[in-house]
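Below is one structure, written out as structure tokens, with a few remarks after it.
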Amino acid sequence: MLNPSAHDDAASATAAVRPWDDDASRVLALVSQKGGVGKTTSTVNLGACFALNGHRVLVIGTDPQCGLSRSLGLGPQQLRGGLREVLQAGLPLADVAHATVLPGLQVVSSDAWTMSEEEQYKSLMAGQARAFVAAVDDARASFDTILIDCPPGFGPETRAALLAADGFLVPVQAEELSRDSLARLLDHVRDFSAAAAGAAALAGLFLTMTDHRTRMSRRVAALLGDEYGDSLLETTIPRNTRLSEMAVDGRPTVIFDRRSSGSRAYFDLMDEILVRRLRRGRSPAAPAPRAVPRIAAAVPEPVADEPPRRPALQSAAGGADRPRSPARLLDDLRRDGGRGDAAAGGFAGLLDREDEILEASTDLVSLDDLLEEEEHGARGRRDEGDWGYGDDYYETVN
Ligand code: ADP
Ligand code: MG
């Protein structure tokens, strides 16, 4: 965000009903050095989770391959304009935003389908980064949360996204090569941010396509935890075929199979991002978030024919009167009025209950509780220490 003052008026007029605590955390770019690590999948599903949580969400696909709009079932026939029009003719993003199956979720595509359109788009992105930043800044008045999906690497699209965003998220595959490329990416971003005031700060790394059965996956996760500490988010996205089916279905996985392990993980990821933001927003000088066992350290070697077990959580997590999980609190707030209706509790109420949330954050799995209770009306397997990732936990994509 280069020009926060442009939004002060709009932000203060609607501050009481903003889902985010402040204006400086709600544009997130998904970047990585490597392709195929889950940026687009994460953008779509996180965007859908935020939309289901009551946010007005815009997802922007800056990849010239239009992977984001394709994942949402939108091709050249359905789209009428995209980033090229924004960069060339100065159209607002809202004017080229396309509806999706979710009323709260809109998408803007690079909308470059031929070779010449792609070339044109790339040179516009390289030469008109400021126009992109200004368009995103303007869109803050119309959307609560904006997610920007980037192509792999550190090209003009990623640089423009980093200038426009408040924070960036990095999906990382738990494999040795990803560790190397991650270090390179973060070096690039550090240099870039030093030169370009206002560039996005690291909002977190998260592991994707994890497979707890493999020793390599657990080892790399442990090393990343050691190297990046609290920058590595606690939520991991498992390898799950439902996520890979999204492009075929043309809808976010969290819509067509909400109970899959992949969907649950994305709801957890959203909760973690929100709770972290609330923590930081309330007390910038607060100590670093409490260290939580990383998956590699926490997960024992799986026993044949038995799903891996989540380590026993602290006393508060097991009792009948334990604090509510962050997901439960957020879910209560959704029922209270979602958009943050202060009178009804809403997100303003969330701030008043920060202590409760922070205490509850010892409980790392979120949607599982809700789903178990929805289905059975009783506490489920989590109290017995189950990971709760469901039957498709072991599904892999080969
Ligand atoms: P990127 O945008 O980083 O290039 P994608 O999100 O397009 O990566 O994912 C690359 C491929 O991997 C796609 O075919 C996608 O469906 C699949 N995929 C992504 N995340 C997962 C996951 N957690 N489990 C299984 N397949 C996944
Ligand atoms: Mg992609």
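Every number for a ligand or one of its atoms is a count from 1 in the order of the listing.
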Only pairs under 3.5 Å count here: list side-chain donor-acceptor contacts from residues 29-36, not counting sequence neighbours, and write none if there are none.
| unit_1 | atom_1 | unit_2 | atom_2 | d |
| --- | --- | --- | --- | --- |
| Ser32 | OG | Lys34 | O | 2.5 |
| Ser32 | OG | Lys39 | NZ | 3.0 |
| Lys34 | NZ | Glu175 | OE2 | 2.6 |

Cut-off under 2.8 Å, centre the Mg ion (ligand 2), protein N/O/S atoms: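 Under 2.8 Å from the Mg ion (ligand 2) - ignoring waters, which are not counted - the protein N, O or S atoms are Thr40 OG1.
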Atom indices of ligand 1 within 4.0 angstrom of [X] heavy atoms, with elements:
X	result
Gly36	1 (P), 3 (O), 4 (O), 8 (O), 10 (C)
Ser244	16 (O), 26 (N)
Val37	1 (P), 3 (O), 8 (O)

Check: Gly35 N/O within less than 3.5 Å of ligand 1 N/O: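 No, there is no polar N/O contact under 3.5 Å.
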Asn240-ligand 1 polar pair, N/O distance under 3.5 Å: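 By distance alone, the answer is yes.
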[X] touching ligand 1 at heavy-atom level, < 4.0 angstrom:
X	answer
Gly67	no
Pro151	no
Ala247	no

Charged tip of Arg258 within 45° of Phe267 ring normal and under 6.0 Å: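 That pair qualifies as a cation-pi contact.
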Geometric class of the Phe154/His188 ring pair [parallel <30°, tilted 30-60°, perpendicular >60°]: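 Taking Phe154 first and then His188, their aromatic rings lie parallel (interplane angle under 30°).
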Contact partition for Ser42 relative to ligand 1, non-hydrogen atoms under 4.0 Å: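 No part of Ser42 comes within reach of ligand 1.
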Test log, rule salt bridge (charged side-chain N to carboxylate O under 4.0 Å, His left out), inputs Asp137 and Arg140: CA-CA 5 Å; Asp137 271 354; Arg140 289 169 189 263; 3.0 Å; yes
Minimum side-chain heavy-atom gap Leu207-Leu232 below 4.5 Å: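 When only atoms from C-beta onward are counted, Leu232 and Leu207 do touch, with a gap below 4.5 Å.
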